[in-house]
Participant: 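One structure is given below, represented as structure tokens, and several questions about it will come after.
Below, chains carry the letters A, B, ... as their sequence lines are ordered, and counting in each starts from 1.
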Number of protein chains: 2
Amino acid sequence: MSWEGQTNMPNLTDCIEEYIKKLLALSTERYIEIQRRELASKFACVPSQINYVLERRFSLERGYLVESRRGGGGWIRIYRIHQGHVQPWREVINSINGRVFEPAKTRQLLKRMHEEKIISMREARLLEAVIRDRVYDSYGMSREQVRKLQHKLFSEAMEELLKVGY
Amino acid sequence: MSWEGQTNMPNLTDCIEEYIKKLLALSTERYIEIQRRELASKFACVPSQINYVLERRFSLERGYLVESRRGGGGWIRIYRIHQGHVQPWREVINSINGRVFEPAKTRQLLKRMHEEKIISMREARLLEAVIRDRVYDSYGMSREQVRKLQHKLFSEAMEELLKVGY
DNA sequence: TTATATCTGACCTTCTCTGACCATAATAAT
DNA sequence: ATTATTATGGTCAGAGAAGGTCAGATATAA
């Protein structure tokens with residue numbers, strides 16, 4: 001499988017990501033196995049670049065699981081998590097609110113969910129509007145109450161999406 | 001100078017705007033992709049000039065949507081947005097103004113908007129969740145305040161959809 | 001003149017990529 | 001068996017390569 005000569009290949013990370021995703025698509029297994037050193041040499045980069053790609057593009061949040069073993073004959077396995085595509089997101093959403101709801105972090109989350117095609121751009125913008133601080137002015141709520149209500153509305157609305165699926 | 005009286009001397013912003021619009025016209029995609037640095041150097045200006053043009057001439061209000069990514073191999077994507085037959089609905093929604101917000105009637109409206117393909121089913125459900133009475137319990141708001149806030153949230157969220165178009 | 005629009009430059013944030021150094025497993029040597 | 005060597009993969013700090021923001025200077029319009 002060649003990657004050289006492709007046009008519109010902006011950077012190494014994108015190339016490697018695409019390559020791995022092709023492998024996964026072609027594989028009949030639930031996972032693929034690579035060798036870090038080998039892959040790095042295929043793309044003419046330092047081995048740690050592979051770790052970077054795995055961290056950025058094949059994280060749990062993005063629906064992948066990575067296992068590895070060091071030493072002679074070591075390997076890296078990359079699983080695609082098919083089942084329950086949305087369940088991990090439920091967990092991320094729950095974990096994001098420690099004690100108090102944080103709109104800024106939630107906006108980041110929405111961005112990522114859109115990148116991952118879990119929600120559409122319109123849905124992301126809609127949810128952003130729902131957690132916009134300005135909207136909650138002048139209803140006699142304390143800061144704390146606003147955060148709680150934002151969280152409640154966000155959770156209820158998001159659950160609606162996760163429940164239905166695409 | 002003689003040319004001053006002839007016609008408005010186009011400024012940098014106009015030139016860049018025109019250039020981008022040509023690219024969009026020639027593109028077969030729904031969007032075009034540029035590099036800020038590269039475009040700036042083509043027009044011999046500072047990169048932030050590009051941001052200025054995008055902000056002024058390619059805003060949502062004008063029917064464009066801009067996405068970007070930083071870092072090595074970064075890019076800026078400019079989408080042309082189609083706002084179809086959305087204005088009448090905006091007016092319907094505004095006409096809710098003045099009176100007391102009525103969740104039941106609004107649910108009807110959502111249903112119709114979905115039938116008319118103005119919004120998706122997921123979006124309708126999302127908005128339904130936002131105006132669900134139960135959600136607003138126990139935040140120390142009066143009935144009247146809840147209605148006002150529901151209305152506010154609904155309008156803001158819906159406007160987000162109408163603004164973007166499909 | 002005053003208000004608005006344009007343009008620049010300094011500084012910031014995010015994403016990518018490398019290289020030095022660390023940890024672990026298999027294998028060879030003792 | 002124990003130890004040394006070799007072959008993997010992991011981590012982290014820092015350089016580099018984009019794009020973003022904002023205050024202020026300059027130009028244009030009212």
Participant: How are the rings of B:His151 and B:Phe101 set to each other: parallel, tilted or perpendicular (split at 30° and 60°)?
Facilitator: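 Aromatic pair B:His151/B:Phe101 classed parallel.
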Participant: Examine the side chains of A:Tyr64 and A:Arg80 and answer whether a donor and an acceptor come within less than 3.5 Å of each other.
Facilitator: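 A:Tyr64 vs A:Arg80: donor-acceptor pair found between side chains.
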Participant: Should the heavy atoms of other residues, nucleotides or ligands under 6.0 Å from CD of B:Glu115 be counted, would the total exceed 12?
Facilitator: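 Atom CD in B:Glu115 is crowded, with more than 12 foreign heavy atoms closer than 6.0 Å.
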Participant: Rounded to the nearest Å, what distance is computed from the CG atom of residue B:Asn11 to the C1' atom of nucleotide C:dT4?
Facilitator: 13 Å
Participant: Starting from P on D:dG16, measure out to CG on A:Leu12 and report it in whole angstrom.
Facilitator: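 Distance, rounded to whole Å: 17 Å.
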Participant: Is it the case that the side chain of B:Gln150 and the backbone of B:Ile131 share a donor-acceptor pair, with hydrogens and angles ignored and the cut-off at 3.5 Å?
Facilitator: yes
Participant: Is B:Leu23 linked to B:Phe43 within one hydrophobic cluster, defined over Ile, Leu, Val, Met, Phe, Trp and Tyr using a side-chain heavy-atom separation of less than 4.5 Å?
Facilitator: yes
Participant: Please list each protein N or O that sits under 3.5 Å from an N or O in nucleotides 1-3 of chain D, with the distance.
Facilitator:
none

Participant: Just by distance, do the side chain of B:Ser27 and the backbone of B:Leu24 share a donor-acceptor pair under 3.5 Å?
Facilitator: no
Participant: Looking at B:Arg77 and B:Glu29, does any basic side-chain N land under 4.0 Å from a carboxylate oxygen?
Facilitator: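 Answer for the salt bridge query: no.
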Participant: Starting at atom NZ of A:Lys111, determine the distance to atom P of D:dG20, rounded to an integer number of angstrom.
Facilitator: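 So the NZ-P distance, A:Lys111 to D:dG20, works out to 10 Å.
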Participant: Taking atom P of D:dA15 as reference, at what distance in whole Å does atom CD of A:Gln49 sit?
Facilitator: 18 Å
Participant: Under a 3.5 Å threshold, yes or no: a donor from one side chain and an acceptor from the other, between B:Ser59 and B:Glu61?
Facilitator: yes
Participant: Considering every strand and a 4.0 Å limit on heavy-atom distances, what is the contact class for B:Ile50: base, sugar-phosphate, or nothing?
Facilitator: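 The residue B:Ile50 makes no contact with any strand.
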Participant: Compare side-chain N and O positions of A:Tyr52 against OP1 and OP2 of C:dC17 and report whether any pair is under 4.0 Å apart.
Facilitator: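 Answer no for this pair, as no side-chain N or O of A:Tyr52 is under 4.0 Å from OP1 or OP2.
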Participant: Do A:Glu128 and A:Thr106 pair up side chain to side chain, a donor and an acceptor below 3.5 Å, judged on atom types alone?
Facilitator: no
Participant: 5'-most contact on DNA chain C: A:Gly73 or A:Val46, nearest heavy atom basis?
Facilitator: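 Taking each residue's closest nucleotide, the earlier one in sequence belongs to A:Val46.
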Participant: Between C1' on D:dC12 and CD on A:Glu55, what's the gap in Å once rounded to a whole number?
Facilitator: 10 Å
Participant: Check nucleotides 9-11 of chain D against the protein and report each pair of N or O atoms closer than 3.5 Å, with its distance, or say if there are none.
Facilitator:
unit_1 : atom_1 : unit_2  : atom_2 : d
D:dG9  : OP1    : A:Arg36 : N      : 2.8
D:dG9  : OP2    : A:Arg37 : N      : 2.8
D:dG9  : N2     : A:Arg70 : NH1    : 3.1
D:dG10 : OP1    : A:Ser68 : OG     : 2.8
D:dG10 : OP2    : A:Asn51 : ND2    : 2.8
D:dG10 : O4'    : A:Arg70 : NH2    : 2.9
D:dG10 : N7     : A:Arg36 : NH1    : 2.9
D:dG10 : N7     : A:Arg36 : NH2    : 3.0

